Q: 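Following this message is one structure expressed as structure tokens.
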Amino acid sequence: MTTILKTSPFMLAVCAEMVFRSLPVLDRLKRITELGFQAEIWDWTKHDIKAIAKSGTTFSSMTGYITGTLADDDGAEELLRTARQSIPVAKELNCPRLNLHGTGLDGQGLPVVKSEVVTGAMWLKAADTLNRIADLGEEEGVIFVLENLNEAVDHPKTPFAKSADTIALVAAVNRPSLKLNLDLYHAQIGEGNLIELCRTALPHIGEIQVADVPGRKEPGTGEINYPAIARALNEMGYRGTIGMEAWSSGDDELALSRFRDAFSL
């Protein structure tokens, strides 16, 4: 009997904020690297950048701003100011993607500017802000990615939360320096139909993030058929990064193994 060894056609990354949480961040990065994954971090101001730059970790993405919003004048200026501050950090970490949201999020993941309704004026301002972000990305040779969120569970009243919103904004800007961070956990909660969503978003995807629903744990713990999504993405020709932004359901190494298995063909 021949054993077929499965490998992943994708670059696999793991969010260092969500696994091996009993360890200091440098030890988390070491374990993630030893297990063969790239790493992602959130707010870079909470880390010793010089130390983690020397860790030997390959970074996939990081939060690309500190504060700011897309759709109001003062917030847009703050977003651009702190995005510019984030770029030298990304370059020190050799991190290719800087992540953005529809508005800044607080420590509980709640929007700093809540929106009951997103108006036409807000859409126009958001597109203008993202065009300026794309200018900054081109000037500095980095890629910003706009992440979809969900309002039902984690991020209520966040503007531009749905994947349909982020796709529309990124497509309207249509610049190589602005892409999507398509988060399938958030999309399943808010919209579903994930394979067709990937197909629609494919020309604009800079990265895909995953976790299962419910619970935001690793693939295989919930309702999403990630092996089917992996096969579909492979057939579409996607060869980019899949990032696990998920809590482990128990043992961290087992969670990472399940993640790898889900995206190996």
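Positions are given from 1, in the same order as the sequence printed here. What you see is a predicted model, and the numbers here were worked out from it, not measured in a lab.
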Q: Is a donor from one side chain sitting under 3.5 angstrom from an acceptor on the other, for R260 and S8?
A: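 No donor-acceptor contact under 3.5 Å links the two side chains.
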Q: Just how far is it from atom CG of L180 to atom CG of L178, taken to the nearest 0.5 Å?
A: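 Reported to 0.5 Å precision, the distance equals 7.5 Å.
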Q: Any ion pair linking R175 and D135 (charged N to carboxylate O, less than 4.0 Å)?
A: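 Counted as a salt bridge, because a side-chain N and a carboxylate O are separated by less than 4.0 Å.
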Q: Quiz question: by atom type and distance under 3.5 Å, do the side chains of T241 and Q38 form a donor-acceptor pair?
A: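 There is no such pair between these side chains.
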Q: Starting at CG of L70, measure out to CG of L130 and round the result to the nearest 0.5 Å.
A: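 Going from the CG atom of L70 to the CG atom of L130 covers 5.0 Å.
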Q: Between the side chain of N150 and the main-chain N/O of D154, is any donor-acceptor distance below 3.5 Å?
A: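 It does hold such a pair.
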Q: List the steps and the verdict of side-chain hydrogen bond (donor to acceptor under 3.5 Å, both in side chains) for H47 and E17.
A: CA-CA 11 Å; H47 296 292; E17 315 283 352; 3.0 Å; yes
Q: Show the nearest heavy-atom pair for residues K179 and P203, with the distance to one decimal.
A: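 The pair with the smallest heavy-atom distance is NZ-O, 3.6 Å.
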Q: Is there a side-chain contact between N148 and L182 in this structure, where contact means two heavy atoms from C-beta onward sitting under 4.5 Å apart?
A: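 Heavy-atom side-chain distance check passes, below 4.5 Å.
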Q: How would you list, by chain and number, every residue that makes a salt bridge (charged side-chain N to carboxylate O under 4.0 Å, His left out) with E235, sequence neighbours excluded?
A: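 Residues passing salt bridge (charged side-chain N to carboxylate O under 4.0 Å, His left out) with E235: none at all.
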Q: For atom NZ of K125, is the number of surrounding heavy atoms from other residues, nucleotides or ligands below 6.0 Å larger than 12?
A: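 Counting neighbours around NZ of K125, more than 12 heavy atoms of other residues, nucleotides or ligands fall under 6.0 Å, so yes.
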Q: Determine, step by step, whether L149 and D183 satisfy the side chain to side chain contact (heavy atoms under 4.5 Å, CB included) criterion, reporting the C-alpha distance in whole Å, the side-chain angles of both residues, the deciding distance to 0.1 Å, and the verdict.
A: CA-CA 7 Å; L149 301 171; D183 190 306; over 6 Å; no
Q: Does L110 offer a backbone N or O that forms a donor-acceptor pair with the side chain of D106 under 3.5 Å?
A: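 Answer holds: yes.
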Q: For the pair R258 and E253, find out whether any cationic side-chain nitrogen is under 4.0 Å from an anionic carboxylate oxygen.
A: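 No salt bridge links R258 with E253.
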Q: Kindly compute the distance separating OG1 (T58) from CG (L93), expressed to the nearest 0.5 Å.
A: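 Spacing of OG1 (T58) from CG (L93) equals 11.0 Å.
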Q: When you look at CG of N94, are more than 12 heavy atoms from neighbouring residues, nucleotides or ligands closer to it than 6.0 Å?
A: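 Atom CG in N94 is not crowded, with 12 or fewer foreign heavy atoms closer than 6.0 Å.
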Q: Closest approach of A16 and L29, non-hydrogen atoms and distance?
A: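 Shortest heavy-atom separation between A16 and L29 comes out as CB-CD2, 3.8 Å.
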Q: Distance only, no hydrogens: is a donor on one side chain within 3.5 Å (strictly under) of an acceptor on the other, for S264 and D261?
A: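 Not at all, the side chains of S264 and D261 share no donor-acceptor pair under 3.5 Å.
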Q: Roughly how far, to the nearest 0.5 Å, is the CD atom of E218 from the CD atom of E245?
A: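 Nearest 0.5 Å value for the CD-CD distance: 14.5 Å.
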Q: Taking T69 for the side chain and T103 for the main chain, is one N or O donor matched with an acceptor at less than 3.5 Å?
A: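 Absent.
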Q: Please say which of E78, R81, Q85, H101 ends up in a side-chain contact (heavy atoms from CB on, under 4.5 Å) with Y65.
A: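 Result: among E78, R81, Q85, H101, H101 is the only option passing the side-chain contact (heavy atoms from CB on, under 4.5 Å) with Y65.
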Q: Step by step, would you call R84 with E139 a salt bridge (charged side-chain N to carboxylate O under 4.0 Å, His left out)?
A: CA-CA 11 Å; R84 189 176 289 277; E139 175 188 327; 3.3 Å; yes
Q: How long is the gap from CG on L184 to CD1 on I208, to the nearest 0.5 Å?
A: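 It comes to 6.0 Å.
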Q: Kindly say whether A134 contributes a backbone atom to a donor-acceptor pair with the side chain of S177 at under 3.5 angstrom?
A: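 Yes: the side chain of S177 pairs with the backbone of A134.
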Q: Show your working on salt bridge (charged side-chain N to carboxylate O under 4.0 Å, His left out) between R132 and E77 and close with a plain yes or no.
A: CA-CA 10 Å; R132 295 173 66 192; E77 294 304 321; 2.8 Å; yes
Q: Would you say the side chain of L136 lies within less than 4.5 Å of the side chain of I87, judging by non-hydrogen atoms?
A: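 With C-beta onward as the side chain, the pair touches.
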Q: Would you check if F263 and P9 make a side-chain contact, meaning some heavy-atom pair closer than 4.5 Å?
A: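 Heavy-atom side-chain distance check fails, nothing below 4.5 Å.
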Q: Return the CH2 to CE distance between W247 and M244, rounded to the nearest 0.5 Å.
A: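 W247 CH2 to M244 CE: 10.5 Å, rounded to 0.5 Å.
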Q: With no hydrogens and no angle check, is any side-chain donor or acceptor of S115 less than 3.5 Å from a backbone partner on V118?
A: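 Absent.
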Q: Donor-acceptor pair, E191 side chain versus S163 backbone, under 3.5 Å?
A: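 Looks like yes, one N/O pair under 3.5 Å.
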Q: With no hydrogens and no angle check, do the side chains of N99 and E147 hold a donor and an acceptor under 3.5 Å apart?
A: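 There is such a pair (donor and acceptor under 3.5 Å, judged by atom type) between the side chains of N99 and E147.
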Q: Specify the closest pair of heavy atoms between D212 and Y185, including all atoms of both residues, with the distance to one decimal.
A: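 Minimum heavy-atom contact is O-CD1, 3.5 Å.
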Q: Out of curiosity, does L23 fall in the hydrophobic cluster containing V19 (side-chain heavy atoms, cut-off under 4.5 Å, transitive links)?
A: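 Looking at the clustering, L23 is in the same group as V19.
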Q: Can you check whether G109's main-chain N or O pairs, donor with acceptor, with H155's side chain at less than 3.5 Å?
A: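 Yes; judged by distance alone, with no hydrogens or angles, the pair exists.
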Q: Could you see if V145 belongs to whatever hydrophobic cluster contains I242? Use Ile, Leu, Val, Met, Phe, Trp, Tyr and a side-chain cutoff under 4.5 Å.
A: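 Different clusters: V145 never reaches I242 through Ile, Leu, Val, Met, Phe, Trp or Tyr contacts under 4.5 Å.
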Q: I'd like to know whether L79 forms a side chain to side chain contact (heavy atoms under 4.5 Å, CB included) with T129, so could you lay out the CA-CA distance, the side-chain angles of the two residues, the decisive distance to 0.1 Å, and finally the verdict.
A: CA-CA 9 Å; L79 179 68; T129 303; 3.9 Å; yes
Q: For the pair K91 (side chain) and E140 (backbone), establish whether a donor and an acceptor sit closer than 3.5 Å, ignoring hydrogens and angles.
A: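 Checking the backbone N and O of E140 against the side chain of K91, a donor-acceptor pair under 3.5 Å is found.
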Q: Taking all non-hydrogen atoms of both residues, which atom of V113 and which atom of P159 are closest, and how far apart?
A: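 That closest heavy-atom pairing would be O-CD, 3.7 Å.
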Q: Would you check if M236 and I195 make a side-chain contact, meaning some heavy-atom pair closer than 4.5 Å?
A: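 They are in contact (side-chain heavy atoms under 4.5 Å apart), so the answer is yes.
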Q: So that I can tick it off, tell me whether E116 and K157 are bridged by a salt bridge, with the cut-off set at under 4.0 angstrom between side-chain N and carboxylate O.
A: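 Answer for the salt bridge query: yes.
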Q: With no hydrogens and no angle check, is any side-chain donor or acceptor of S55 less than 3.5 Å from a backbone partner on T57?
A: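 Yes; at least one donor-acceptor contact below 3.5 Å.
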Q: Dump the intermediate steps for side chain to side chain contact (heavy atoms under 4.5 Å, CB included) on F10 and L233, then the final yes or no.
A: CA-CA 9 Å; F10 316 110; L233 286 169; 3.9 Å; yes
Q: Shared ILVMFWY cluster between I205 and M11, side chains joined below 4.5 angstrom?
A: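 Unlinked, I205 and M11 end up in two clusters.
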Q: Fit a plane to each ring of F160 and W123, take the angle between them on a 0 to 90° scale, and name the class: parallel (under 30°), tilted (30 to 60°) or perpendicular (over 60°).
A: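 Correct class here is perpendicular.
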Q: Taking all non-hydrogen atoms of both residues into account, name the closest pair between I133 and L100 and its distance.
A: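 So the two residues come closest at CG2-CD1, 3.8 Å.
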Q: For the hydrophobic clusters of this structure (ILVMFWY residues joined by side-chain heavy atoms under 4.5 Å, transitively), does one cluster hold both M18 and I224?
A: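 They do not share one cluster, since no chain of ILVMFWY contacts under 4.5 Å joins M18 to I224.
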Q: Scan side-chain atoms only and decide if S86 and W44 contain a donor-acceptor pair under the 3.5 Å cut-off.
A: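 W44 and S86 do have a side-chain donor-acceptor pair below 3.5 Å.
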Q: Do I41 and I52 have side chains that approach each other closer than 4.5 Å (heavy atoms only, starting at C-beta)?
A: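 Touching, per the 4.5 Å side-chain cut-off.
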Q: Taking the side chain as every heavy atom from C-beta outward, state whether E138 and P176 have any pair of such atoms under 4.5 Å apart.
A: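 Counting from C-beta outward, E138 and P176 do come under 4.5 Å.
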Q: Can you hop from F259 to L35 via hydrophobic side chains spaced under 4.5 Å?
A: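 Yes; tracing contacts between hydrophobic side chains, which count when under 4.5 Å, links both residues.
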Q: Can you name the nearest heavy-atom pair linking T33 to G56, along with the distance?
A: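 Closest heavy-atom pair between T33 and G56: CG2-O, 4.1 Å.
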Q: For E40, does its backbone N or O pair with a side-chain atom of S61 as donor and acceptor, under 3.5 Å?
A: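 Absent.
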Q: Start with the C-alpha gap between F20 and D27, add the side-chain angles, then the distance that decides, and say whether side chain to side chain contact (heavy atoms under 4.5 Å, CB included) holds.
A: CA-CA 8 Å; F20 302 115; D27 292 331; over 6 Å; no
Q: Have R97 and N181 got a donor and an acceptor in their side chains that come within less than 3.5 Å?
A: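 No pair is found: no donor N or O on one side chain lies under 3.5 Å from an acceptor on the other.
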